[in-house]
**Q** 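One structure coming up, written as structure tokens, with questions to follow.
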2 protein chains.
Amino acid sequence: MYRITQLARLFGLSRSTLLYYDRIGLLQPSGRSEAGYRCYSTADKERLATICSYRQAGLGIEAIRRLLATAEAGSELVIRQRLEAIGCEIRNLQAQQQLLAGMLNLQAGGELAIAIDKQTWIDMLRAAGMDEAAMQQWHVEFERRAPQAHHAFLLSLGIDEQEALLIRDLSAGQWAN
Amino acid sequence: MYRITQLARLFGLSRSTLLYYDRIGLLQPSGRSEAGYRCYSTADKERLATICSYRQAGLGIEAIRRLLATAEAGSELVIRQRLEAIGCEIRNLQAQQQLLAGMLNLQAGGELAIAIDKQTWIDMLRAAGMDEAAMQQWHVEFERRAPQAHHAFLLSLGIDEQEALLIRDLSAGQWAN
DNA sequence: GCTAAACTGTGAAGCTGTAGACGGGTCAAG
DNA sequence: CTTGACCCGTCTACAGCTTCACAGTTTAGC
């Protein structure tokens with residue numbers, strides 16, 4: 001049995017957070033003491049552990065509630081959706097970086113274009129000693145390990161959706177065979 | 001002269017947002033019609049454009065207010081700080097991806113598409129036949145051609161500001177000599 | 001000129017997830 | 001019996017809006 005602050009500390013949370021979870025019914029203590037103190041059982045602790053890990057993964061309270069309610073069934077979808085959302089957020093942040101870097105350039109009198117394009121990229125790899133075959137192989141690896149990231153990367157070079165898909169198809173094909 | 005909803009649509013915002021900006025004094029219309037309707041001038045529009053681009057860059061309202069107040073002076077620091085913060089956020093999101101990917105693996109044992117990290121990147125280049133020296137050379141080229149993009153790219157791999165600067169210094173040094 | 005829709009205004013409350021403060025009750029040790 | 005460390009419930013605050021409620025204004029079509 002745990003008291004509220006005790007349990008909160010165990011997970012690096014504040015008392016307020018557990019009070020809040022109680023109020024919204026996400027985690028309600030399984031009992032109360034005579035004086036009305038919340039008593040959290042070991043089961044409550046486990047539930048909180050689950051909640052915490054979902055929170056750390058950035059899931060919203062409602063999503064977590066659904067996950068816990070449906071007891072592990074269909075949770076995969078929620079997780080995949082969150083993964084998708086994270087990918088999106090990261091791309092947004094990267095766009096922000098571009099924007100800000102652009103502002104710095106404007107102010108500093110602009111030393112160079114920050115966004116690199118396809119040709120520049122190829123030139124750099126070639127300057128580093130890569131040939132056609134090596135680049136092919138690199139695409140194949142990229143596609144195999146992180147297809148989403150591969151796609152985003154291609155787009156970031158200014159390659160259009162069509163061509164990106166083409167490149168990915170070729171890479172995937174090479175991997176399959 | 002623009003009416004409130006008109007201006008809002010122009011920037012993909014809602015009327016409420018402009019009402020809010022007015023209330024907090026971030027963007028106040030330069031006039032009112034006889035009936036009391038807000039009239040936004042072209043100058044107001046420009047100001048809003050600036051605000052929007054800062055917002056898109058993820059800056060907070062207060063930061064923007066300060067930027068607009070001090071009229072371009074000292075804004076570089078704010079921007080650099082935001083860049084730093086973005087790098088941090090991206091790393092957090094990547095950690096979340098790892099966590100979620102882990103959950104899925106436990107449940108499904110599946111492979112997944114997530115943003116790439118430093119090690120994955122190195123592995124991919126190596127798989128494509130690059131060795132240490134080639135990677136060095138590639139960094140040098142990257143730094144020479146597009147230092148800002150180089151920096152953003154390093155951060156996107158989850159490398160922290162410190163290490164990124166170190167890598168860039170090394171690359172720049174090699175180029176200088 | 002009339003009507004209906006689409007706009008405008010103001011002000012207040014709500015949202016998320018959490019932190020912290022408040023005034024007061026409870027409990028164990030010394 | 002006091003002291004200090006707990007606990008209670010309730011309230012406020014944060015960002016950056018959105019939504020609501022209610023009333024006045026403009027505009028288009030008939």
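By convention in this document, chain letters (A, B, ...) are assigned in the order of the sequence lines, proteins followed by strands, and residues within each chain are numbered from 1.
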**Q** Tyr2(B) and Lys45(B): side-chain donor and acceptor closer than 3.5 Å?
**A**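 A pair is found: one side chain offers a donor N or O, the other an acceptor, under 3.5 Å apart.
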**Q** What's the CD-P distance between Gln6(A) and dC27(C), to the nearest Å?
**A**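 Taking atom P of dC27(C) as the reference, CD of Gln6(A) is at 15 Å.
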**Q** In whole angstrom, give the distance that lies between atom CG of Leu19(B) and atom P of dC20(D).
**A**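 Interatomic distance, CG of Leu19(B) to P of dC20(D): 15 Å.
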**Q** In whole angstrom, give the distance that lies between atom CD of Gln56(B) and atom C1' of dG16(D).
**A**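 For the pair Gln56(B) CD and dG16(D) C1', the rounded distance is 16 Å.
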**Q** For Arg23(B) and for Arg3(B), find the nucleotide of DNA chain D with the closest heavy atom, then tell me which residue's nucleotide is more 5'.
**A**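 Looking at the nearest nucleotide for each, Arg23(B) comes out on the 5' side.
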**Q** Return the value, rounded to whole Å, for the distance between atom CZ of Arg9(A) and atom P of dC7(D).
**A**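 These atoms are roughly 7 Å apart.
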**Q** Does Ser16(A) place a side-chain N or O at less than 4.0 Å from the phosphate oxygens OP1/OP2 of dT18(C)?
**A**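 Ser16(A) to dT18(C) OP1/OP2: no side-chain N or O under 4.0 Å.
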**Q** When rounded to the nearest 0.5 angstrom, what is the spacing between CG in Leu26(A) and CG in Leu68(A)?
**A**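 Taking CG in Leu26(A) and CG in Leu68(A), the distance rounds to 6.5 Å.
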**Q** Can you tell me the distance, in whole Å, between the CD1 atom of Ile4(A) and the C1' atom of dT26(C)?
**A**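 Whole-Å distance recorded here is 16 Å.
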**Q** If you look at every strand shown and take non-hydrogen atoms under 4.0 Å, does Arg15(A) touch a base, only sugar-phosphate, or nothing?
**A**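 Base, at least one base atom sits under 4.0 Å.
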**Q** Suppose we screen for side-chain hydrogen bond (donor to acceptor under 3.5 Å, both in side chains). Which residues come up paired with Arg82(B), at least two apart in sequence or across chains?
**A**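 In terms of side-chain hydrogen bond (donor to acceptor under 3.5 Å, both in side chains), with neighbours along the sequence ignored, Arg82(B) is linked to Gln96(A), Glu89(B).
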**Q** Does the base of dG17(C) carry an N or O that pairs as donor and acceptor with the side chain of Thr17(A) under 3.5 Å?
**A**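 Under the 3.5 Å cut-off, the side chain and the base do not form any donor-acceptor pair.
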**Q** If you compare every side-chain N and O of Arg55(B) against the phosphate oxygens of dC17(D) (OP1, OP2), does one of them come in below 4.0 Å?
**A**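 Yes, within the criterion.
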**Q** Between atom CZ in Phe11(A) and atom P in dG17(C), what is the gap in whole Å?
**A**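 It works out to 19 Å between those atoms.
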**Q** With rounding to the nearest 0.5 Å, note down the distance linking CG in Leu7(B) to CG in Leu27(B).
**A**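 It comes to 7.0 Å.
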**Q** Testing Leu13(A), Leu48(A), Ile64(A), Thr17(A) for side chain to side chain contact (heavy atoms under 4.5 Å, CB included) with Arg55(A), which one passes?
**A**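 Of the listed options, the one satisfying the test is Ile64(A).
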**Q** Please tell me if Thr5(A) has a side-chain N or O lying less than 4.0 Å from either OP1 or OP2 of dC7(D).
**A**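 Thr5(A) to dC7(D) OP1/OP2: side-chain N or O found under 4.0 Å.
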**Q** Just by modelled atom types, is the Ser41(B) backbone N or O under 3.5 Å from a matching donor or acceptor in the Asp44(B) side chain?
**A**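 Side chain of Asp44(B) to backbone of Ser41(B): a pair is present.
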**Q** Considering just the side-chain nitrogens and oxygens of Tyr21(B), establish if one lies under 4.0 Å of OP1 or OP2 belonging to dG16(D).
**A**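 Indeed not, no polar side-chain atom of Tyr21(B) lies that close.
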**Q** Starting at CZ of Arg23(B), measure out to CG of Leu18(B) and round the result to the nearest 0.5 Å.
**A**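 Here the rounded value is 12.0 Å.
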**Q** Rounded to whole angstroms, how far apart are CD1 on Ile64(A) and P on dG17(C)?
**A**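 That distance rounds to 8 Å.
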**Q** Contact list please: residues 26-43 of chain B against DNA chain D, heavy atoms, distance less than 4.0 Å, in numerical order.
**A**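 Contacting residues: Ala35(B), Tyr37(B).
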**Q** Detail all sub-3.5 Å separations between protein N/O atoms and N/O atoms belonging to nucleotides 14-16 of chain C.
**A**
none

**Q** Using a strict threshold of under 4.0 Å (side-chain N to carboxylate O), is an ion pair present between Asp22(A) and Arg32(A)?
**A**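 Result for this pair is yes, salt bridge flagged.
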**Q** Would you give the length of the straight line joining atom OG1 of Thr5(A) to atom CZ of Arg15(A), rounded to the nearest 0.5 angstrom?
**A**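 It comes to 6.0 Å.
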